[in-house]
Amino acid sequence: MQITAQQIATFLEGKVEGNPDEVVSQLSKIEEGAHGSLSFLSNPKYEHYIYDTDASIVIVNDSLMLYKPVKTTLIRVKNSYTAFTEVLKLYNSLRLERSGRDESIFVHDTAVIGEGGYIGGFSYIDKQVKIGKNVKIYPRVYIGENVTIGDNTTLFPGVTVYYDCIIGKNVIIHSGTVIGSDGFGFAPKEDGTYDKIPQIGNVIIEDNVEVGANTVIDRATLGSTVIHEGAKLDNLIQIAHNVEIGKNTVVAAQTGISGSTKVGEYVVLGGQVGVVGHITIANGSQVQAQSGINKSIKDANKKWGGSPSTPYSSQLRSQVLYSKLPELEKRIAELEKQLKNK
């Protein structure tokens, strides 16, 4: 993609300072700028790069004061960080634009597929599947029987969606993710073996959700495992059967959430958080990375940390005490020695 400074400025409602016909074809960080690239400056600590960057065009704030000439063409906007984000969105949408159907795909006669969109090679779409408009299905995707997928959703290569699952509009599911595999349900028997409990529910993913690569969301035993609107799940996450993730909740990588737990709205779970089953986590909770949640969090909008988790402020105080334990042990030993000698 080649685009001029004036075209970018028009798109961002900004003002060109320099050559309006300057052309760029790639994006870069300002400290790594090369000829033909577009960059941006937002953080003041990177301001010195503006004077020697080789980027052809740099998006800057209106308020930026220059103390010497620059060789790059500038585009001045109200907020350069937000503006560059919009450019990234445009660039990404153009780069990922796909349409039509590749060869070597299987679509069952009973499947209903909306207009537009894309189906990549070696994808398999089973019977009674309903797919909305402008859905992108990249190569090697499997979509099981009776699955519903809403408009403008994207499934990247290697995604697997088991039978009966429902995926909403504007959803993004990254490579290797499995939606609707069996929940971990086994009943112990008298002889020490286990009897598998059939998992006959499904998974519902509502609108505007994004799911990272190699994440697994298990189907419910009965009913549904639900990921509510606007939730964002990172890579390598395990969501067990009958879990419910609230609206606009964010879950970082390697987190595991056990069965039937209800996570509230606007919750933030850091990386490698472990959550036991059959509990609730209140709206607005923030949980530090590597924490273990072993009971319900009932108070909304609180911060938590540690394993087992405690209020975050208490956890910080505990960390200070832990660091002093060797010194305290030494002092206690000295006091004991003094008492013995009396």
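This chain uses plain numbering: 1 for the first residue, then up along the sequence.
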Under 6.0 Å between ring centres: does that hold for Tyr118 and Tyr138?
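When the ring centroids of Tyr118 and Tyr138 are compared, they turn out to be within the sub-6.0 Å range.
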Have [X] and [Y] got a donor and an acceptor in their side chains that come within less than 3.5 Å?
X: Glu145; Y: Gln128; result: no
X: Ser80; Y: Asn61; result: yes
X: Asn242; Y: Thr225; result: no

Any side-chain heavy atom of [X] sitting closer than 4.5 Å to one from [Y]?
X: Ile8; Y: Val24; value: yes
X: Tyr162; Y: Val178; value: yes
X: Ile217; Y: Leu233; value: yes
X: His108; Y: Val129; value: no
X: Tyr91; Y: Leu27; value: yes
X: Val263; Y: Val251; value: no
X: Asp151; Y: Asn134; value: no
X: Leu74; Y: Leu66; value: yes

From [X] [atom1] over to [Y] [atom2], what is the distance, rounded to the nearest 0.5 angstrom?
X: Thr255; Y: Gln290; atom1: OG1; atom2: CD; value: 10.0 Å
X: Gln6; Y: Ile75; atom1: CD; atom2: CD1; value: 8.0 Å
X: Tyr124; Y: Tyr142; atom1: OH; atom2: OH; value: 6.5 Å
X: Leu222; Y: Ile200; atom1: CG; atom2: CD1; value: 5.0 Å
X: Ile205; Y: Ile172; atom1: CD1; atom2: CD1; value: 12.0 Å
X: Phe40; Y: Thr82; atom1: CZ; atom2: OG1; value: 10.0 Å

Assess whether atom [atom1] of [X] is packed by more than 12 heavy atoms of other residues, nucleotides or ligands within 6.0 Å.
X: Lys169; atom1: NZ; value: no
X: Phe186; atom1: CZ; value: yes
X: Lys196; atom1: NZ; value: yes
X: Lys262; atom1: NZ; value: yes
X: Tyr51; atom1: OH; value: yes

Looking at [X] and [Y], what are the two nearest heavy atoms and their distance?
X: Val203; Y: Asp218; value: CG2-O, 3.5 Å
X: Val276; Y: Ser258; value: C-CB, 3.5 Å
X: His241; Y: Thr221; value: ND1-OG1, 3.2 Å
X: Val171; Y: Asn208; value: CG2-N, 4.1 Å

Electrostatic pair [X]:[Y] at N-O distance under 4.0 angstrom:
X: Glu334; Y: Arg331; value: no
X: Lys324; Y: Glu327; value: no
X: Lys71; Y: Asp54; value: yes

So, the side chain of [X] versus the backbone of [Y]: is there a donor-acceptor pair under 3.5 Å, distance only?
X: Ser39; Y: Ser28; value: yes
X: Asn202; Y: Asp164; value: yes
X: Ser296; Y: Thr280; value: yes
X: Thr73; Y: Asn19; value: yes
X: Thr249; Y: Gly264; value: yes
X: Thr53; Y: Ile50; value: no
X: Ser309; Y: Asn294; value: no
X: Thr177; Y: Thr215; value: yes
X: Arg219; Y: Gly201; value: yes

Practice item. Using side-chain hydrogen bond (donor to acceptor under 3.5 Å, both in side chains) as the criterion, point out the one residue from Lys247, Glu244, Glu265 that pairs with His228. Key: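 In the set Lys247, Glu244, Glu265, the residue that makes a side-chain hydrogen bond (donor to acceptor under 3.5 Å, both in side chains) with His228 is Glu244.
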* Asked: Under the side chain to side chain contact (heavy atoms under 4.5 Å, CB included) criterion, do Glu22 and Thr72 qualify, and how do the steps go?
  -> CA-CA 9 Å; Glu22 188 71 57; Thr72 185; over 6 Å; no
- Just do the side chain to side chain contact (heavy atoms under 4.5 Å, CB included) check on Ile293 and Trp304 with the steps written out, would you? CA-CA 9 Å; Ile293 304 175; Trp304 302 83; over 6 Å; no
Problem set entry | Candidate list Leu236, Asn235, Ile237, Val273, test side-chain contact (heavy atoms from CB on, under 4.5 Å), partner Gln254, passing option |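 When Leu236, Asn235, Ile237, Val273 are each tested with Gln254, the side-chain contact (heavy atoms from CB on, under 4.5 Å) holds only for Leu236.
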Take Leu38 and Phe84 through the test side chain to side chain contact (heavy atoms under 4.5 Å, CB included) and record every step on the way to the result. CA-CA 9 Å; Leu38 168 69; Phe84 194 71; 4.2 Å; yes
Next item on the list: Look at the side-chain heavy atoms of Ile, Leu, Val, Met, Phe, Trp and Tyr, link any pair under 4.5 Å apart, and say whether Ile245 and Ile204 land in one connected group.
Entry: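 As far as the 4.5 Å side-chain criterion goes, Ile204 and Ile245 are not connected within one cluster.
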*Linking I/L/V/M/F/W/Y whenever their side-chain heavy atoms sit closer than 4.5 Å, directly or via other members, would Ile239 and Ile297 fall into one cluster?*
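Yes.
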